[in-house]
Number of protein chains: 4
Amino acid sequence: MSPRVSKEHLKQRRADIMEAATKVFIEHGYEHTTMKHIMEAAGVSRGGLYQYFSNKEDLFEALLEEGLSEEAITTGVSLEKGGSHWTLLMQLMFGEDGNPDTEMDPLAPSKLEFFITGRNDMRRRAYGEKRYEKGLQIYNEIIKAGQESGEFSDHYDSELIARSLITFVDGLALDHAILPEEKVKLKEQSALFVDYLKMALGVSSSS
Amino acid sequence: MSPRVSKEHLKQRRADIMEAATKVFIEHGYEHTTMKHIMEAAGVSRGGLYQYFSNKEDLFEALLEEGLSEEAITTGVSLEKGGSHWTLLMQLMFGEDGNPDTEMDPLAPSKLEFFITGRNDMRRRAYGEKRYEKGLQIYNEIIKAGQESGEFSDHYDSELIARSLITFVDGLALDHAILPEEKVKLKEQSALFVDYLKMALGVSSSS
Amino acid sequence: MSPRVSKEHLKQRRADIMEAATKVFIEHGYEHTTMKHIMEAAGVSRGGLYQYFSNKEDLFEALLEEGLSEEAITTGVSLEKGGSHWTLLMQLMFGEDGNPDTEMDPLAPSKLEFFITGRNDMRRRAYGEKRYEKGLQIYNEIIKAGQESGEFSDHYDSELIARSLITFVDGLALDHAILPEEKVKLKEQSALFVDYLKMALGVSSSS
Amino acid sequence: MSPRVSKEHLKQRRADIMEAATKVFIEHGYEHTTMKHIMEAAGVSRGGLYQYFSNKEDLFEALLEEGLSEEAITTGVSLEKGGSHWTLLMQLMFGEDGNPDTEMDPLAPSKLEFFITGRNDMRRRAYGEKRYEKGLQIYNEIIKAGQESGEFSDHYDSELIARSLITFVDGLALDHAILPEEKVKLKEQSALFVDYLKMALGVSSSS
DNA sequence: GATGAATGAGGCTTCATTCAT
DNA sequence: AATGAATGAAGCCTCATTCAT
């Protein structure tokens, strides 16, 4: 008997499940999604699902990692291109084009859920912290680099600005998760925050 | 064990349950708290608990309302005193003393949970929106009044600033929920945000 | 202190509860009626209710007894009047006027429920049998008397006819409980059954 | 204890549960039967039971349908044989042999319960009506055919007779449910009812 | 590898009945 | 007598996870 499925197919199957799961998590949220939902959306059997992911948490974390690596790639690419640090910051916050009118990650609400509801679970908490640190570091490095290169003012501590930036993004995601699309004023709030960042980093308004 | 007496004692019992429930919700979060936890913490029987609150949601909303009325009182008091609008704003954000070193509401993480995990439930969503609108209005009115009195610049729309303020507070609560106490730098971030507000409202740094 | 309530009032209170309970049982049926329903309908407190009736079963049986005594009265009155046995039979089956277009006892469905769902309870079962026997006896006596007086044919055993009569009435009540008003054809079915009775009892069609 | 194998075995398992459930329903009646009773009788776990039937109502309806299809088969066979319409009617009422001494369906009391206690539930009520109509139709067709062929008198409306037939059967089932075996006089009452039918259909006594 | 039946812990809620006041 | 808070047994149902085939 030759192996029924090649390794490639396995990867594909895993990817398919993750894609289906993403849709389900977006629709029902983390807590209210059941393994059955995912099974059905992915067209996998119960046992099949558990072959790829040992539980819901594991599956969701895979989704989280995937998102992270995408971001990393984006960042990496941008770093090579060598625009200004400010441009880089904007790209990191708002995606490729660096404009604050981008759609929000539709999985974001579920991500928040995942970490909030799991805040009492040691493992999950540690994982959340690691993620936060990673994100913080990326922003911090750029800001620090910008300060060192003289592009940014060093009036404020780079890490503090990085933290605030994350806080703002998190707050926006939260409100976006809870309020109807039209009420969050994503774009306007982002623009206001960017104005503030310019001030805090001493960037002229001409960007 | 036995029926308590009349009127006042009932209120007390209800309050006791709410107090116990608050502790439980703080410890386990909204989703992971069960009615049994609350029963045991409050020393009530199953049926007794359901006599006061018809389900977990109902109970939690009672907690939310309670918090709201407390805030309202605070606000009311402050409004009468008639300090500057800026002082008022600071008091509203950081409590009586208006200093950004206050403790955060320990129930805040569960509140976020409540609204995030319930974002697909029509009733809950509507309730969340109403709450948001209420909060928004309070901040907005103060800012608008400040703008009209000339105390604040009207460079930015008052409502947009109010929204950003809420977004920041929400973001901070979120991070606080997820990260260990020492990492959030509540005080420093708050101070930075105050600077942000000063910029947006054109308030001089001498406050 | 004089007694707050006279004995008369107590009787009245009891009667009020029974009246309210009747309405509730008609609306919800026996099984699905709760003591709370009755309390509320009667405007009595929980404890008050239990002072008059020690449980749901007890209360319902009081209702049953009441119905029985009413019937007895009716019968009694009729017996005195001394019409024909046939007229008596018709009055017993269809009420005062002896016409088969009368409304059905609205509590009948709940009565059926009471005895069906309780058929495995010794006490209830015995009670049901006693009631059946009582009813059977009444019909049987009239039929037997009619047969002895020569008004009825004695081709069939009087008791058997009495039983069949009850079976038919029960069946009709059952269908009436389950089917919509217009589908049971109460009147027509009754007329047909009366025709049959005439035949079985050798009564001429001129009644 | 462990998963059974494929396809056929599943049907078997389902059938086993239904068989066990039937016993339980016969013993405790519909309302007083709990899913736990059934679980235990069938040797299935809670979840296992719910895999086959989503609740008690669903399970019971499966039992009802099963009974229906059995009847249908019986009827089908009989129709092919092409005896007299009268014979057919007797077979339908009293089973294959057409003699009124057959045992009664032991599940009948629970069936009555099911429809009586559920009479205020829209879904259940509609289901009950549908069943009634189906039964009515079968009897009606035979009677009508008999009338058209001249075997039966058409003095009475065929549908009315069909209804009365059902009413009688229901009444008998009811009494049988409530009274001890020996008191119902099933056989005698049935014989009397057959006379009733003969009268209504103008059938000579020689059957 | 895949399947999906089976498990059983765990949560929610209702309601008859009791009993201190 | 009347009140109604409190009790707790009893039911229902869901769902993550296991495991024989």
Side-chain angles (χ1 to χ4, degrees), chain A residues 1 3-5 9-10 13 31-39 44-59, chain B residues 1-7 9-10 13-14 31-39 42-58, chain C residues 1 3-5 9-10 13 31-39 43-59, chain D residues 1-7 9-10 13-14 17 31-39 42-58:
Chain A
M1 296 278 165
R4 266 259 213 37
V5 282
H9 280 267
L10 286 191
R13 200 121 167 74
E31 287 287 321
H32 293 159
T33 288
T34 69
M35 289 306 249
K36 203 177 173 216
H37 285 145
I38 296 169
M39 276 168 50
V44 208
S45 73
R46 223 178 194 77
L49 182 51
Y50 276 90
Q51 208 115 34
Y52 290 97
F53 304 97
S54 55
N55 52 47
K56 194 165 77 160
E57 194 169 358
D58 184 43
L59 169 49
Chain B
M1 292 284 160
S2 65
R4 299 303 181 281
V5 263
S6 56
K7 291 159 191 181
H9 285 251
L10 268 198
R13 196 109 170 81
R14 194 182 145 98
E31 287 287 320
H32 293 160
T33 289
T34 72
M35 287 306 251
K36 203 173 172 221
H37 286 144
I38 297 171
M39 269 168 58
V44 208
S45 70
R46 208 168 270 293
L49 181 52
Y50 277 90
Q51 203 134 31
Y52 289 96
F53 303 97
S54 53
N55 49 49
K56 196 168 73 162
E57 193 170 359
D58 184 45
Chain C
M1 295 278 167
R4 266 257 212 39
V5 282
H9 280 268
L10 286 191
R13 200 120 167 73
E31 287 287 320
H32 293 158
T33 288
T34 70
M35 289 305 249
K36 204 178 173 216
H37 286 145
I38 296 171
M39 275 167 53
V44 208
S45 72
R46 221 176 195 78
L49 181 52
Y50 275 89
Q51 208 116 32
Y52 290 97
F53 303 97
S54 55
N55 52 47
K56 195 166 75 160
E57 194 170 358
D58 183 43
L59 168 50
Chain D
M1 289 283 162
S2 65
R4 299 304 181 278
V5 261
S6 55
K7 292 159 192 181
H9 284 253
L10 266 197
R13 195 111 172 80
R14 194 181 146 100
I17 293 177
E31 286 288 319
H32 293 160
T33 288
T34 71
M35 288 305 252
K36 206 176 172 218
H37 286 144
I38 297 171
M39 271 169 56
V44 208
S45 70
R46 205 168 275 291
L49 181 51
Y50 277 91
Q51 203 133 32
Y52 289 95
F53 303 98
S54 53
N55 50 49
K56 195 167 72 161
E57 194 169 358
D58 184 43

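Within every chain, numbering begins at 1; the chains are lettered A, B, ... in the order of the sequence lines, protein sequences first and strands thereafter.
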Peer 1: So, is D:Y50 close to the E:dG8 phosphate, meaning a side-chain N or O under 4.0 Å from OP1 or OP2?
Peer 2: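 Answer no for this pair, as no side-chain N or O of D:Y50 is under 4.0 Å from OP1 or OP2.
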
Peer 1: Let me know the distance between NZ of B:K36 and P of E:dC12, rounded to the nearest Å.
Peer 2: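 Distance check: B:K36 NZ to E:dC12 P gives 11 Å.
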
Peer 1: Taking atom C1' of E:dT3 as reference, at what distance in whole Å does atom CE of A:M35 sit?
Peer 2: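 Spelled out: CE on A:M35 to C1' on E:dT3 is 15 Å.
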
Peer 1: Would you kindly give the NE2-to-C1' distance between D:H9 and E:dT3, to the nearest whole Å?
Peer 2: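 It is 16 Å, rounded to the nearest whole Å.
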
Peer 1: Nearest heavy-atom pair of D:M35 and D:Y50: which atoms, and what distance?
Peer 2: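 Reported closest heavy-atom pair: CG-OH, 3.5 Å.
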
Peer 1: As a quick check of understanding, evaluate side chain to side chain contact (heavy atoms under 4.5 Å, CB included) for C:Y52 and C:L59, giving each step before the final call.
Peer 2: CA-CA 8 Å; C:Y52 290 97; C:L59 168 50; over 6 Å; no

Peer 1: For B:F53, answer base if it contacts any base atom (sugar-phosphate contacts may also be present), sugar-phosphate if it contacts only those atoms, and nothing otherwise; contact means non-hydrogen atoms under 4.0 Å.
Peer 2: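 The residue B:F53 makes no contact with any strand.
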
Peer 1: Whole angstroms only, please: what is the CD-C1' distance between B:Q51 and E:dT14?
Peer 2: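 Going from B:Q51 (CD) to E:dT14 (C1'), I get 12 Å.
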
Peer 1: Hey, does the side chain of B:R13 come within less than 4.0 Å of F:dA6's phosphate (OP1/OP2), counting only N and O?
Peer 2: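 Indeed, a polar side-chain atom of B:R13 lies that close.
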
Peer 1: If each of D:L49 and C:N55 is mapped to the nucleotide of DNA chain E with the nearest heavy atom, which maps nearer the 5' terminus, i.e. the 5' end?
Peer 2: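 Looking at the nearest nucleotide for each, D:L49 comes out on the 5' side.
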
Peer 1: Could you tell me the separation between the CE atom of B:M39 and the P atom of F:dA9, rounded to a whole number of Å?
Peer 2: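 It is 10 Å, rounded to the nearest whole Å.
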
Peer 1: Can you tell if the side chain of D:V44 reaches within under 4.5 Å of the side chain of D:Q51, non-hydrogen atoms only?
Peer 2: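 Heavy-atom side-chain distance check fails, nothing below 4.5 Å.
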
Peer 1: Please figure out whether D:T34 or C:G48 has its closest DNA chain F nucleotide nearer the 5' end.
Peer 2: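 The residue closer to the strand's 5' end, by nearest nucleotide, is C:G48.
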
Peer 1: Within the structure provided, determine whether B:H32 and A:E31 are in side-chain contact (heavy-atom separation under 4.5 Å).
Peer 2: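 Side-chain contact under 4.5 Å: yes.
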
Peer 1: Between F:dT17 atom P and A:Y52 atom OH, what is the distance in whole Å?
Peer 2: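 It works out to 19 Å between those atoms.
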
Peer 1: Taking for each residue the nucleotide of DNA chain E with the nearest heavy atom, is it D:S45 or B:S54 whose nucleotide lies nearer the 5' end?
Peer 2: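 The residue whose closest nucleotide sits nearer the 5' end is D:S45.
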
Peer 1: Take the protein atom NE2 of D:H32 and the nucleotide atom P of F:dG11, then report the distance between them rounded to whole Å.
Peer 2: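 Those two atoms, NE2 and P, are 10 Å apart.
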
Peer 1: Kindly say whether, by distance alone, the side chain of A:R46 makes a donor-acceptor pair under 3.5 Å with the base of F:dT17?
Peer 2: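 Such a pair is found, so the answer is yes.
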
Peer 1: For D:R14, answer base if it contacts any base atom (sugar-phosphate contacts may also be present), sugar-phosphate if it contacts only those atoms, and nothing otherwise; contact means non-hydrogen atoms under 4.0 Å.
Peer 2: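 It contacts nothing in the nucleic acid.
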
Peer 1: Can you tell me the base-pairing partner of E:dA20? Count Watson-Crick or G-U wobble geometry only, both distances below 3.5 Å, and say none if there is no partner.
Peer 2: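 Base-paired to F:dT3.
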
